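Right, one structure below, let's go through it.
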Amino acid sequence: MGAPGGRPWPPRECGNPHAGRGRAAAGARHEGVAAHYGDLFREQRALADGTGLVDLSHRGVVTVSGDDRLSWLHLLLTQHVSDLAPHRATEALILSANGHIEHAMYLVDDGTTVWMHVEPGTQGELIAYLESMKFFYRVEVTDRTEDIAVVHLPAGSIAEVPDGVTVRETPQGRDVFLPRADLEAYAAANGPVAGILAYEALRVEAHRPRVGFETDHRTIPHELGWIGTAVHLQKGCYRGQETVARVHNLGKPPRRLVFLHLDGSEVHLPGHGTPVRLAADGEEGRQLGFITTSARHHELGPIALALVKRNVAVDAELLAGDTAAAQETVVEP
């Protein structure tokens, strides 16, 4: 079977039909999927134009079935899901008792089962927590990662989805929960396949946070702009709700997410964790935050998301390591 664009499929490796020749390794944070397929900017432009697909088969897939699934999840999640309509996409968080973000879940209910995809490798910990909270509720939690792969179709895509397959449709596109055995054939029929770096560049452009990238052990939802999209402020109690309500009603979060335009003359991109300082203070100045994700964008050039102290002036020129950066506000100070 041929790959999109007429290339032969590279040999299968670790269950990934795109592994081997024709792809670039994506690194530890995206282990199991391709960084790109030879032309990062072409792949980005294709996704922006609504063509092609992204292999997200490294993400964890979890289902919750049973008569009590929505009312039970409503008690645990930051999102209002007790009345979630079938086929309506939403996203939700699980917080610690102190309100720090532990998990982000991207959900859809098909009428009998809630499907969710989560950050790679986190499904085991998530399932352990959910199992510990089942009590007398009529629910069944299942890890579907081994047999179901997530495929992303960009907004505007006219690719068909096989009958009986669950789809999560959002303004950014459709997340398809595809049988893993069908991944290779589906990609060949609906390509070209874009690598994860193209997908990530468009995510950064859209200011969409990710757990493990834009978060650390003390991140709260307000810092990333997740209030309203993943956190419902008028629902009942859940773990960490006191912190959410207190910060929303009485204060401000200690940090805020910003979008950075990076100096395009630099060859390298500042990596995750690179210190952010005031440009006026130079490279030896006080650290005010850190880079969370950086990317090369087909139109904007080098860009990044960063988490900085709330009191950093919105018009301040910054340094990401040794790279000059101009900021745009994502979360208001």
Side-chain angles (χ1 to χ4, degrees), residues 56 59-97 99-119 122-123 125-145 148 150 152-153 155 161 163-178 206 208-211 220-222 224-249:
L56 298 180
R59 293 187 64 80
V61 176
V62 177
T63 59
V64 180
S65 57
D67 292 344
D68 296 335
R69 65 190 184 283
L70 292 177
S71 59
W72 176 67
L73 285 171
H74 186 78
L75 299 173
L76 305 178
L77 308 185
T78 58
Q79 186 59 272
H80 196 299
V81 297
S82 60
D83 301 317
L84 184 64
H87 313 298
R88 180 180 176 184
T90 191
E91 57 188 61
L93 308 175
I94 287 180
L95 307 180
S96 72
H100 301 140
I101 298 168
E102 292 188 346
H103 296 280
M105 293 152 291
Y106 302 87
L107 309 164
V108 68
D109 185 83
D110 67 5
T112 62
T113 301
V114 173
W115 293 75
M116 64 184 78
H117 63 83
V118 299
E119 291 298 328
T122 65
Q123 64 270 17
E125 183 181 349
L126 172 62
I127 290 172
Y129 171 69
L130 294 176
E131 288 285 351
S132 74
M133 302 300 291
K134 285 173 66 171
F135 302 114
F136 56 85
Y137 289 93
R138 295 169 298 174
V139 294
E140 182 176 351
V141 181
T142 307
D143 185 350
R144 300 296 303 275
T145 309
I148 299 293
V150 179
H152 176 76
L153 302 174
V161 176
D163 292 340
V165 169
T166 300
V167 177
R168 181 178 176 273
E169 187 160 1
T170 73
Q172 291 78 43
R174 290 174 288 167
D175 296 335
V176 181
F177 292 87
L178 189 73
R208 299 197 308 273
R210 278 185 66 184
V211 169
I220 60 176
H222 313 69
L224 303 184
W226 253 328
I227 302 297
T229 59
V231 178
H232 194 287
L233 292 173
Q234 278 74 52
K235 63 160 289 185
C237 293
Y238 53 88
R239 190 173 71 175
Q241 188 264 347
E242 295 85 354
T243 297
V244 170
R246 183 171 63 251
V247 173
H248 180 73
N249 294 320

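All of these numbers come straight from a predicted model, not from anything done at the bench.
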dist E102:CD -> L126:CG (nearest 0.5 Å) comes out at 10.0 Å
Would you find a donor on one side and an acceptor on the other, under 3.5 Å apart, between the side chain of H87 and the backbone of V108?
-> no
Taking every heavy atom of T145 against every heavy atom of G60, the minimum-distance pair comes out as OG1-CA, 3.6 Å
Taking every heavy atom of M133 against every heavy atom of F135, the minimum-distance pair comes out as O-CD1, 3.2 Å
Q. Got more than 12 heavy atoms from elsewhere within 6.0 Å of CD, E125?
A. no
Between the CG atom in D175 and the OG1 atom in T166, the distance rounded to the nearest 0.5 Å is 12.0 Å
Interatomic distance, CE@M116 vs CZ@R168, rounded to 0.5 Å, equals 11.0 Å
Residues passing the salt bridge (Lys or Arg N to Asp or Glu O under 4.0 Å) test with R208, sequence neighbours excluded, are none
V167 versus F177: any side-chain heavy-atom pair under 4.5 Å?
-> no
Rounded to the nearest 0.5 angstrom, the CD-CZ distance for Q123 and R144 is 13.0 Å
- Any idea how H80 and H74 line up, ring-wise: parallel (<30°), tilted (30 to 60°), or perpendicular (>60°)? perpendicular
Correct closest heavy-atom pair for I220 and I101 would be C-CD1, 3.9 Å
- Item | Side chains of P221 and T78 in contact at under 4.5 Å (non-hydrogen atoms) | no
Given side chains that start at C-beta, do those of L77 and L107 come closer than 4.5 Å, heavy atoms only?
yes
In short, H232 meets Q234 closest at the heavy-atom pair ND1-N, 3.1 Å
dist E140:CD -> L130:CG (nearest 0.5 Å) comes out at 13.0 Å
Before giving the answer on side chain to side chain contact (heavy atoms under 4.5 Å, CB included), spell out for T90 and L84 the whole-Å C-alpha distance, their side-chain angles and the decisive distance to 0.1 Å.
CA-CA 9 Å; T90 191; L84 184 64; 4.1 Å; yes
dist L76:CG -> L93:CG (nearest 0.5 Å) comes out at 13.0 Å
